[in-house]
S.K.: 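Okay, here's the structure, questions in a sec.
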Amino acid sequence: MKRLLRWIPGFVLAYILIGALLDRVIFPEAEPGPDYYPRQGQVFVSRTEGFRQTILKREGGLAWVELTLEPRAPGPPEHIHTSFAEHFIVAEGTLSLLVNGEKKLLRQGESLLVTPGTPHKPFNETDTQVVVKGPLTPEYAMPERFTVFLTQAYGFFDESESNGRPPKALLQMSRFSPEYDSWMAGPPIPLQKALFFIIGPTARLFGYRTQYEKYVPNK
């Protein structure tokens, strides 16, 4: 028994390393095809967050969107992007924005830049809709690839209430977060990366993916 116990850490380490090798090097997931990228004019909705996104333009790996928040839209969980900023400019209504734990109110015509690495959460505390829409210039764009994440995340979390709770939410984010640079606020990102490195291959064995055809817009 003692000999078996001594072998357990080695087995666990081998499982982690072999799983990562198979998942990321030998049998990596395919890149999203062209159909996974929402086209100009396409609309996709998150019932969970109370958000409606409309693609205004795609060009040079960037995408411009118009975000409409329903009255009392709770928005997404507080989150972080490490590689790109988000520039919020309010075209209609009053946007509530949690930034680094501090709530800010943006009214029509006001804007705020959320820099990479900053925890944030947009939501709507009013009884009227809020529209966020900026000029079609690069500083107001998001990475085109992130629109794939939005359609996939909206589809997954809207499909079932249980998808928004552990363990399903954690297993799915182990696939989404490293692929699309959307991390939970709170736990240190290096810790999340280490955890998702460990559990990501197991999540894939259980059927979790970085993209699903059934969530492609208008499918």
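What you see below is based on every heavy atom in this structure, not just the backbone, and it leaves out hydrogens, waters and symmetry mates.
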S.K.: Roughly how far, to the nearest 0.5 Å, is the CG atom of N100 from the CD atom of E78?
M.R.: 8.0 Å
S.K.: Quick one: side chains of residues 87-99, donor-acceptor pairs under 3.5 Å with protein atoms, not counting sequence neighbours, listed by atom name and distance.
M.R.:
{"from": "E92", "atom 1": "OE2", "to": "Q129", "atom 2": "NE2", "distance (Å)": "3.3"}
{"from": "S96", "atom 1": "OG", "to": "E125", "atom 2": "OE1", "distance (Å)": "2.7"}

S.K.: Which other residues belong to the hydrophobic cluster containing V25, where Ile, Leu, Val, Met, Phe, Trp and Tyr are joined when side-chain heavy atoms lie under 4.5 Å apart, directly or via other members?
M.R.: I18, L21, L22, I26, F27
S.K.: Minimum heavy-atom separation for L171 and Y208, please, with both atom names.
M.R.: CD1-CE1, 3.7 Å
S.K.: Please enumerate all residues that pass side-chain hydrogen bond (donor to acceptor under 3.5 Å, both in side chains) together with T82, with sequence neighbours excluded.
M.R.: D181
S.K.: Could you list the residues that satisfy ring-ring contact (aromatic ring centres under 6.0 Å, His included) with F149, not counting sequence neighbours?
M.R.: F146, F176, Y180
S.K.: I'd like to know if the side chain of T151 and the backbone of V148 have a donor-acceptor N/O pair within less than 3.5 Å.
M.R.: yes
S.K.: Determine which pairs satisfy salt bridge (charged side-chain N to carboxylate O under 4.0 Å, His left out) with at least one residue from residues 16-25, sequence neighbours left out, and list them in order.
M.R.: D23-R175, D23-R204
S.K.: Determine which pairs satisfy ring pair (Phe, Tyr, Trp, His ring centres under 6.0 Å) with at least one residue from residues 91-114, sequence neighbours left out, and list them in order.
M.R.: none
S.K.: Of all heavy-atom pairs between P187 and Q192, which one has the smallest distance, and what is that distance?
M.R.: O-NE2, 2.9 Å
S.K.: Members other than L191 in its cluster, when Ile, Leu, Val, Met, Phe, Trp, Tyr link by side-chain heavy atoms under 4.5 Å?
M.R.: none
S.K.: Evaluate the criterion side chain to side chain contact (heavy atoms under 4.5 Å, CB included) for residue pair L170 and L195; output intermediate values, then yes/no.
M.R.: CA-CA 10 Å; L170 184 64; L195 175 63; 4.3 Å; yes
S.K.: What's the shortest heavy-atom distance between G164 and A169, and which atoms?
M.R.: C-CB, 3.8 Å
S.K.: Taking all heavy atoms of A20 and all of F197, pick out the closest pair and write down the distance.
M.R.: CB-CZ, 3.4 Å
S.K.: Work out which heavy atom in A203 is nearest to a heavy atom in S174; give both atom names and the distance.
M.R.: CB-OG, 3.4 Å
S.K.: Within a reach of under 6.0 Å around NZ of K121, are more than 12 heavy atoms found that belong to other residues, nucleotides or ligands?
M.R.: yes
S.K.: Nearest 0.5 Å, what's the OG1-CD1 distance between T147 and I55?
M.R.: 5.0 Å
S.K.: Looking at side-chain heavy atoms only, is the closest gap between T54 and T68 below 4.5 Å?
M.R.: no
S.K.: Of all heavy-atom pairs between G117 and P119, which one has the smallest distance, and what is that distance?
M.R.: O-CD, 3.6 Å
S.K.: Distance-only, no hydrogens or angles: does the H120 side chain make a donor-acceptor pair with backbone N or O of H79 under 3.5 Å?
M.R.: yes
S.K.: What residues, two or more places apart in sequence or in another chain, satisfy side-chain hydrogen bond (donor to acceptor under 3.5 Å, both in side chains) together with Q172?
M.R.: Y212
S.K.: Cut-off 3.5 Å, no hydrogens considered: what does the side-chain donor-acceptor table look like for residues 37-46, sequence neighbours left out?
M.R.:
{"from": "Q42", "atom 1": "OE1", "to": "R39", "atom 2": "N", "distance (Å)": "2.6"}
{"from": "S46", "atom 1": "OG", "to": "E49", "atom 2": "N", "distance (Å)": "2.9"}

S.K.: Among Ile, Leu, Val, Met, Phe, Trp and Tyr joined by side-chain contacts under 4.5 Å, find the other residues sharing a cluster with L17 and list them by chain and number.
M.R.: L13
S.K.: Please, which pairs that meet salt bridge (charged side-chain N to carboxylate O under 4.0 Å, His left out) have at least one residue in residues 152-166, sequence neighbours excluded?
M.R.: E159-K214
S.K.: Rounded to the nearest 0.5 Å, how far apart are CG of L205 and CD1 of I199?
M.R.: 12.5 Å
S.K.: Which residues pass the salt bridge (charged side-chain N to carboxylate O under 4.0 Å, His left out) test with R72, sequence neighbours left out?
M.R.: D127
